[in-house]
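Following: one structure in C-alpha cells, then a few remarks.
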There are 2 protein chains.
Amino acid sequence: MSRSTKSAASSKIDIRGVAARARVSIATVSRTINHVPTVDPALAKRVWKAVKELNYFPNTQARALVSGRSRLFGLIVSEITNPFFPELIQQFEAIAVQHGYEILLGSTSYDAAKTEQCVRRMLERKVDGVAVMTFGIEELLLNRFEEGDIPTVFIDLGPSTPHSRTISVDYQQGITEAIQHLAALGHRDIAFLSGPLRMHSAQARSDAFARAMQQAGLVTRPEWMLEGTHTLDGGRDAMQRMLKTRRWPTAIVCSNDVTAIGVQHALFDARLRVPEDFSLVGFDDIHLAEYTIPPLTTVRMASEDLAHAAIGTLLEMLGTAEAAAGTPVPTHLIVRQTTGSPRTNATAARATGRKSPVKH
Amino acid sequence: MSRSTKSAASSKIDIRGVAARARVSIATVSRTINHVPTVDPALAKRVWKAVKELNYFPNTQARALVSGRSRLFGLIVSEITNPFFPELIQQFEAIAVQHGYEILLGSTSYDAAKTEQCVRRMLERKVDGVAVMTFGIEELLLNRFEEGDIPTVFIDLGPSTPHSRTISVDYQQGITEAIQHLAALGHRDIAFLSGPLRMHSAQARSDAFARAMQQAGLVTRPEWMLEGTHTLDGGRDAMQRMLKTRRWPTAIVCSNDVTAIGVQHALFDARLRVPEDFSLVGFDDIHLAEYTIPPLTTVRMASEDLAHAAIGTLLEMLGTAEAAAGTPVPTHLIVRQTTGSPRTNATAARATGRKSPVKH
DNA sequence: GACGGTGCAGAAAACGTTTACGGAGAAGCC
DNA sequence: GGCTTCTCCGTAAACGTTTTCTGCACCGTC
C-alpha cells in the first residue's frame with residue numbers, strides 16, 4: 001500500500017523505462033541483469049537501483065524469442081493422480097529452479113490424443129529439454145523432437161539416439177532384496193502384479209522379478225504373473241481376479257505402491273488379512289506407503305535421485321554441465337508390516353476369514 | 001520415419017516459410033490460422049495445405065509478445081503432494097485446454113519464499129489469469145497482480161476486489177450431514193481436526209463444524225478443536241497428542257482426507273480400531289478415500305466443480321464468457337466404513353486393544 | 001461513365017528483449 | 001607523443017508473430 005509511491009502507473013515498466021531512469025542504454029540494462037561481467041560497477045549500481053525502484057522484471061517471452069532459449073523444461077508423466085508422480089514433479093521442479101529453469105507439465109493419462117497434444121504443447125512453448133516417464137511416446141518424440149533439436153531424457157529405458165538419453169534404474173537390487181526377504185520368511189509361492197507391460201519401467205520390474213525368483217531357486221508360475229495398470233483400481237481388480245482362481249500364492253509383489261494399496265483393499269473386502277493370509281510388497285515407496293494399514297513393505301526408488309539424474313543429464317546435453325557419472329539409480333527394500341511368515345495352510349483362510357493378532 | 005519427406009530441413013519453419021509456399025503474405029497466413037473470417041476460401045485452402053506439408057506450428061512466445069495474451073492460466077496450490085490437488089489440477093487443466101488455455105503450476109509448500117517466487121513466475125510468464133487455492137498470498141497478489149491487471153480467483157474465501165473474485169463452497173451442507181450422521185449413530189463427543197487456520201478454507205470448515213454441532217444440540221469442547229496441517233504427518237501427530245489426554249471423544253471429523261488417513265495410522269499404531277473405538281470422517285473425497293482400510297466416510301467436494309467454477313469465473317473476468325451463476329460449490333456426505341456406533345464405554349478400548357468383527 | 005462503398009490482401013509497425021558491431025576513450029608501448 | 005591495444009558503452013538489427021492501415025479491385029447506384 002505504501003510501497004507503490006511513484007510506481008503508480010507501473011503497469012508498463014519495460015527495459016527502456018529502467019534505462020531512462022538509470023541514464024544508461026537498454027543494452028547496459030540487459031547486460032547488467034544478465035550478469036555480463038564487462039559492465040562498469042558504478043553503472044550497474046545505478047541500474048539495480050532503478051530496477052528496484054520501478055519493480056522491474058524482464059518479459060520472459062521477449063527474452064525467449066530473441067535468445068532462442070525458453071528456460072523451460074518439459075516433464076511428461078503418465079498420470080498426475082498417481083501419488084508417485086507429484087513427488088517426482090516436486091523434486092524435479094525444485095532442482096530445475098536451482099538451475100534457473102521452470103517446468104512445463106504434461107500428463108498423458110495413457111491416452112493417445114492427450115499424448116500427442118502434450119508433445120505439441122512442448123514444441124509450441126519451445127522447451128529447452130524434456131524428461132519423459134510414461135510410454136507410447138517414443139516414436140512421437142523421436143520424430144518431432146529431433147527435428148526441433150530438443151534434448152530428451154527417458155526415465156527410464158527409452159530409445160537411445162543422439163538426441164536422447166536414458167536414466168537407468170537398478171530395479172534388480174531392490175526386487176532381489178524383496179524376494180530374499182520373502183524367501184527367508186518361508187514364502188515359495190510368490191506372484192507378481194506388474195504395470196502395463198508396454199511401459200518399459202513396468203516390463204523391467206517384471207523381468208527383475210523373474211530373475212530374482214530364479215536366483216532364489218523359486219519357480220514363477222505364469223498364472224501368477226499378472227498385468228495391472230499401475231492404478232488403485234487396477235490393483236484391486238487384478239487381486240479380485242486372482243482370488244477367484246483355485247490356487248493362491250502366499251505373497252504378492254506389486255509393480256508400484258498404488259497397485260499394492262488396491263490389492264490391500266481387495267483383500268480387506270474379501271475379509272483376508274495382511275500379512276497373515278497374504279504378504280504384500282510394493283514398489284516406489286511413496287510417502288503414503290508408511291500410512292497404509294498395515295504400513296506397506298516396499299522397494300524404495302527415490303524420486304529425488306530420478307529428478308536429479310534427469311536434470312543433470314539434460315543440462316549436460318545442453319552443454320551447461322559436465323558429464324555426470326551415469327550410475328543407475330539405486331533401489332532397496334524397506335521392510336514395514338505387510339510381510340510376514342506364510343500360514344502353513346494358506347487356503348484355510350479362504351473360508352474362515354478369521355483374525356490373528358496384529359504383529360508388532 | 002517416412003513422414004518427413006521434404007520437411008527434412010524443417011527445424012526453421014516459420015510463418016514466412018508457410019507464406020512463401022502458399023504464395024500469400026504472412027498477414028494472410030496469420031489470419032487464416034487464427035480463423036479470421038475475412039480470408040478468401042481459396043487462399044485459406046492453400047495456406048492450410050502449406051501448414052500441413054511443412055508441419056508448421058506458430059511460435060507461442062512471439063504470439064504472446066505481440067498480442068499481449070499468453071493463453072496461460074496460473075494455478076497456485078499449497079502442496080502438490082496432497083492427493084486432493086493433483087485431482088484438482090487434472091480437472092483444471094482439462095477444462096482450461098477446452099478453452100484454449102494451458103496452465104502454469106505453482107506450489108507454495110506453505111513457504112513464504114516459495115510463495116513469493118510463485119507469484120513472480122506468474123508475472124514473468126505473463127499469465128492471463130490466476131486461480132489460487134492456498135493461503136498467505138493475498139496481500140502479495142493484491143499488490144502485484146492488480147498492478148499487472150491480472151484477474152484473480154480465490155478458491156475459496158479470498159479478499160474481494162475489482163480484480164479478484166471468490167469461488168465459494170457450501171461447507172455447511174456436507175459437514176452438517178456428517179454431524180447428523182454421527183449423532184444418529186449415538187455420538188455426542190465429537191472432535192474436529194482442522195487444517196492450518198490461517199487458510200481460509202480450513203477456518204471455514206472449522207466454523208461449519210461448530211455451527212453444525214450447535215444445531216445438533218451438541219457441545220464442542222475447546223480441547224477437541226485441534227489445529228492440524230492438512231498433511232498425513234499432521235493428522236498422525238495431532239491424534240497422538242490427543243491420545244495422551246485424559247478424556248477422548250468417540251468420533252473425529254477431519255478437515256481433509258489425508259489428515260484422516262494420518263489419524264487412522266496413529267490409531268493403528270496405538271492398537272485402536274476404526275470404527276469400533278473411534279468413528280472417523282474425512283473431507284474432500286479423494287479417490288484414495290475409497291481405498292483406505294476401512295474405507296473412509298468423508299464429505300465430498302468435487303474438484304471438478306471447483307475447477308469448472310474457477311475457470312468460468314476467469315473467462316468471465318476476461319470478457320470471454322457470460323457471467324455464470326455464482327452458486328456455491330455443493331458438498332455432501334459419503335458414508336463408507338469408518339463410522340459406526342460408539343462403544344458404551346469408549347475408554348475400555350484403551351488398555352485391551354481387542355478386536356471386534358469387521359462390520360459389513 | 002463517374003462515384004462511393006465494400007471486401008480482402010499486402011506492407012509495415014509494433015511487442016520487449018538479446019547481441020553483433022562500431023566507436024570513443026583510456027592505457028600501454030616504443 | 002604517437003601508435004596500438006584494450007575496455008566498455010551505445011546503436012541497431014534481429015527474433016516470429018499480430019494487427020493497423022493502406023490500397024487495389026470489384027460492385028452497385030445514379
Side-chain angles (χ1 to χ4, degrees), chain A residues 10-48 50-51 54-72 100 123-128 148-149, chain B residues 10-48 50-51 54-72 100 120 123-128 147-149:
Chain A
S10 67
S11 44
K12 292 254 160 213
I13 301 284
D14 64 356
I15 200 173
R16 261 179 288 269
V18 177
R21 178 172 259 262
R23 286 165 296 137
V24 296
S25 72
I26 60 169
T28 299
V29 176
S30 174
R31 279 190 281 256
T32 305
I33 63 180
N34 288 313
H35 301 103
V36 173
T38 69
V39 51
D40 181 52
L43 292 198
K45 201 173 164 192
R46 288 221 304 272
V47 169
W48 284 120
V51 166
L54 297 175
N55 224 326
Y56 166 78
F57 50 90
N59 180 321
T60 320
Q61 288 142 355
R63 185 181 272 208
L65 181 59
V66 54
S67 72
R69 291 169 308 146
S70 62
R71 308 243 94 189
L72 218 48
L123 290 166
E124 282 179 349
R125 298 265 172 205
K126 293 268 185 294
V127 294
D128 290 345
D149 211 23
Chain B
S10 67
S11 44
K12 291 254 162 215
I13 300 285
D14 64 355
I15 200 172
R16 262 180 287 270
V18 177
R21 178 172 260 260
R23 285 166 297 137
V24 295
S25 71
I26 60 169
T28 300
V29 175
S30 175
R31 280 190 280 255
T32 304
I33 63 181
N34 287 314
H35 301 102
V36 173
T38 68
V39 49
D40 181 55
L43 292 198
K45 201 173 162 192
R46 288 222 303 273
V47 169
W48 284 120
V51 165
L54 297 174
N55 225 325
Y56 166 78
F57 50 91
N59 180 323
T60 321
Q61 287 142 354
R63 187 182 272 211
L65 181 59
V66 55
S67 72
R69 290 168 307 147
S70 62
R71 311 244 89 186
L72 219 48
R120 194 191 174 87
L123 289 166
E124 283 179 350
R125 299 263 173 206
K126 293 266 184 293
V127 294
D128 290 343
E147 283 183 11
D149 209 24

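Computed over heavy atoms, backbone and side chain alike; hydrogens, waters and symmetry mates excluded. All values derive from a computational prediction rather than experimental measurement. Lettering of chains follows the sequences in order, A, B, ..., and the numbering in each one begins at 1.
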For every nucleotide of nucleotides 4-13 of chain C, 5' to 3': is a protein heavy atom under 4.0 Å from its base (B), only from its sugar-phosphate (S), or from neither (-)? ----SBBB--

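- Residues B:F57 and B:V51 are not in side-chain contact: their nearest non-hydrogen atoms beyond the backbone lie 4.5 Å or more apart.
- The main-chain N or O of B:R16 is found under 3.5 Å from a side-chain atom of B:D14 such that the two form a donor-acceptor pair.
- In this structure, the side chain of A:R46 engages the main chain of A:R23 through a donor-acceptor pair within 3.5 Å.
- Panel note: side chain B:S30, backbone B:I26; no donor-acceptor pair is recorded below 3.5 Å.
- Atom C1' of nucleotide C:dT19 and atom CG of A:L65 are separated by 14 Å, given to the nearest angstrom.
- Judged by distance alone, with hydrogens and angles left aside, the side-chain atoms of A:D128 form a donor-acceptor pair with the main-chain N or O of A:S70 at under 3.5 Å.
- One can place CZ of A:R63 at 9 Å from C1' of C:dT18, the figure rounded to the nearest angstrom.
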For a side chain to side chain contact (heavy atoms under 4.5 Å, CB included) check, start with the C-alpha distance between A:T32 and A:L43, then their side-chain angles and the critical distance, and finish with the verdict. CA-CA 9 Å; A:T32 305; A:L43 292 198; over 6 Å; no

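- If you measure from atom CG of A:N34 to atom C1' of C:dT19, you get 10 Å, rounded to the nearest angstrom.
- The C1' atoms of five pairs define one axis at each end of the helix from C:dG1-D:dC30 to C:dC30-D:dG1, and these two axes lie 50° apart (to 10°).
- B:T60 places a side-chain N or O within 3.5 Å of a backbone atom of A:E124 that can act as its donor or acceptor partner.
- Under the 3.5 Å distance criterion, the side-chain polar atoms of A:N59 are matched with a main-chain donor or acceptor of A:Q61.
- With a heavy-atom cut-off of 4.0 Å to chain B, the contacted part of DNA chain D has its first and last nucleotide at D:dG16 to D:dT20.
- Contact check for B:N55 versus B:I13: no side-chain heavy atoms found under the 4.5 Å cut-off.
- Contact between B:A50 and B:A22 at its shortest, heavy atoms only, is CB-CB, 4.1 Å.
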